[in-house]
Number of protein chains: 2
Amino acid sequence: MLNLENILTNNNVKPTAMRLLVLQFLLNKKSATSLTDVENYFDKSDRTTIYRTLKTFVEKGISHKIDDGTGITKYALCEENCHCEIDNDLHLHFHCTNCNETICVTDYKIPKITLSRGYIAENINLVVKGICDTCNKN
Amino acid sequence: MLNLENILTNNNVKPTAMRLLVLQFLLNKKSATSLTDVENYFDKSDRTTIYRTLKTFVEKGISHKIDDGTGITKYALCEENCHCEIDNDLHLHFHCTNCNETICVTDYKIPKITLSRGYIAENINLVVKGICDTCNKN
DNA sequence: AAATTAATGCACTTCCGTTGCATACTTCAA
DNA sequence: TTGAAGTATGCAACGGAAGTGCATTAATTT
Ligand SMILES: [Mn+2]
Ligand SMILES: [Mn+2]
Ligand SMILES: [Zn+2]
Ligand SMILES: [Zn+2]
């Protein structure tokens, strides 16, 4: 049911070899992943293919894009029943300035924000920078 | 008291011609400004000089850097008594996806965020994307 | 099998931030 | 006032990352 292929097909993405490998990689990684991360992980890989793979994953709701303020776009798999595209269902992202990892804090839901009259909020991005628990121990 | 030169000298920045011009420009603009914005405004200008001018302004606490998620770094003058460098005194930024302007919502202070044990928050970035009031009228 | 569509790989471009280095301008002390 | 040291500027170039064009290959459909 929840095997790799099904994740793809359930989201209308054809399960090609590369897509399965990238998905596998994203599943194993607990933190957010950059295009270069994926590229480096595979010995023989083409940057463009991975780029388009990640892009497809985002478009089809398999993963979401994260702007953690480092200037490097990160990607992370969506949870089940995630509504990344739909407003106000987004979570906080934490970026550790020590180990440089970015993680999804999915249990921290972004609170509703009231703006001045006339402003319409469509999307909210909340990033906290600091030291993660792992780095904190050392 | 609050003329251009004093703003610079009060922050230990020597008031050179270019710096005064850039400061003037930032003062007149109500929205956040990119390096390219400043560059284009002046007929004859050097990108590097402006880059370093803006960098100096940030370092000396005259302006703050904004990452609005567009991938283009923006700058805006700090308010009086702004503690941008010191944690948790930051405000929300609004980016209009229609006119592409980013503004400081200085009266919206970012609330304190409680993270899991072990995590230390040093900096918080909150960006709301949507439609601004001006664009909303049209 | 032929034709159509989708995915991949390679080369190349663009954009932005950033740095190196040579020149010009200030400041200050001898 | 002259020279030296420090600071600011201008030009050129680099590097990383996102993104595009296009030819090739693989998968689907008829
Ligand atoms: Mn996330
Ligand atoms: Mn601001
Ligand atoms: Zn860490
Ligand atoms: Zn607008």
Side-chain angles (χ1 to χ4, degrees), chain A residues 4-5 7-9 11-25 32-60 62-76 95 100 102 125, chain B residues 4-5 7-9 11-26 32-60 62-76 95 97 100-102 125 127:
Chain A
L4 293 176
E5 258 190 74
I7 296 178
L8 295 181
T9 50
N11 288 279
N12 299 313
V13 175
K14 287 186 194 163
T16 67
M18 201 61 221
R19 285 171 178 171
L20 288 165
L21 288 168
V22 172
L23 179 60
Q24 179 73 265
F25 180 62
T33 310
S34 71
L35 170 56
T36 307
D37 287 339
V38 185
E39 191 187 9
N40 290 339
Y41 177 75
F42 296 106
D43 288 341
K44 186 189 164 302
S45 67
D46 178 69
R47 188 173 182 85
T48 312
T49 303
I50 298 170
Y51 167 74
R52 288 195 269 236
T53 297
L54 294 171
K55 194 181 176 194
T56 302
F57 283 7
V58 171
E59 283 165 1
K60 297 306 177 70
I62 294 170
S63 42
H64 60 277
K65 224 173 170 174
I66 303 166
D67 170 19
D68 61 9
T70 59
I72 295 160
T73 306
K74 304 285 169 62
Y75 302 86
H95 176 74
N100 213 34
T102 299
N125 188 31
Chain B
L4 293 175
E5 258 189 73
I7 296 178
L8 294 182
T9 49
N11 288 279
N12 299 312
V13 175
K14 287 186 194 164
T16 67
M18 201 63 221
R19 286 171 178 170
L20 288 166
L21 288 169
V22 172
L23 179 59
Q24 179 73 265
F25 180 63
L26 291 178
T33 310
S34 71
L35 170 55
T36 307
D37 287 339
V38 184
E39 192 187 8
N40 290 339
Y41 178 75
F42 296 107
D43 287 342
K44 186 190 164 302
S45 68
D46 178 68
R47 187 174 182 82
T48 312
T49 303
I50 297 170
Y51 167 74
R52 287 196 269 236
T53 298
L54 294 171
K55 194 181 175 192
T56 303
F57 283 8
V58 171
E59 283 165 1
K60 297 306 177 71
I62 293 169
S63 41
H64 60 277
K65 223 172 173 176
I66 303 167
D67 170 20
D68 62 9
T70 59
I72 295 160
T73 306
K74 305 285 169 63
Y75 301 86
H95 176 74
T97 52
N100 213 32
E101 301 269 302
T102 298
N125 188 33
V127 178

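Just so it is clear: chains get the letters A, B, ... in the order the sequence lines come, proteins before strands, and each one is counted from 1.
The OG1 atom of B/T33 lies 8.5 Å from the CG atom of B/L54; values are rounded to the nearest 0.5 Å.
Note on B/T73: only backbone sugar-phosphate atoms sit closer than 4.0 angstrom, heavy atoms only; bases stay farther off.
For the pair B/I72 CD1 and C/dT14 P, the computed distance is 17 Å after rounding to whole Å. For B/L8 and D/dA8, the CG to C1' distance is 14 Å, given to the nearest whole Å. Across the protein-nucleic acid pair, B/D67 atom CG and D/dA17 atom P stand 15 Å apart, rounded to whole Å. The interatomic distance linking B/N12 (CG) with D/dT7 (P) rounds to 13 Å, in whole Å. Between B/K74 atom NZ and C/dC16 atom P the separation is 10 Å, expressed in whole Å. Between B/I50 atom CD1 and C/dT18 atom P the separation is 15 Å, expressed in whole Å. Between the C1' atom of D/dG19 and the CG atom of A/L54 lies a distance of 14 Å, rounded to the nearest Å.
When each of B/K55 and B/K14 is assigned the nucleotide of DNA chain C bearing its nearest heavy atom, the one mapping closer to the 5' terminus is B/K55.
A donor-acceptor distance shorter than 3.5 angstrom exists from the side chain of A/S45 to the backbone of A/E39, with no hydrogens or angles considered. A/K60 places a side-chain N or O within 3.5 Å of a backbone atom of A/N12 that can act as its donor or acceptor partner.
Of the candidate nucleotides D/dA8, C/dG17, D/dG10, C/dG17 has the atom lying nearest to any side-chain atom of B/Y51.
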task: Any chance you could lay out the side chain to side chain contact (heavy atoms under 4.5 Å, CB included) test for B/V22 and B/F57, step after step, and finish with the verdict?
output: CA-CA 10 Å; B/V22 172; B/F57 283 8; 4.0 Å; yes

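Contacts of residues 17-24 of chain A with DNA chain D (heavy atom under 4.0 Å): none. Near DNA chain D, meaning a heavy atom under 4.0 Å away, the residues from residues 35-48 of chain B are B/D46, B/T48.
In the displayed structure, B/Y41 atom OH is contacted under 6.0 Å by at most 12 heavy atoms of other residues, nucleotides or ligands.
Listed here is the closest heavy atom pair of A/P15 and A/L20: O-CD1, 3.9 Å.
The only member of B/D68, B/D67, B/D37 that meets salt bridge (charged side-chain N to carboxylate O under 4.0 Å, His left out) when paired with B/K74 is B/D68.
Evaluation of atom-type donor-acceptor distances gives a pair under 3.5 Å for the side chain of A/R52 against the base of C/dG9.
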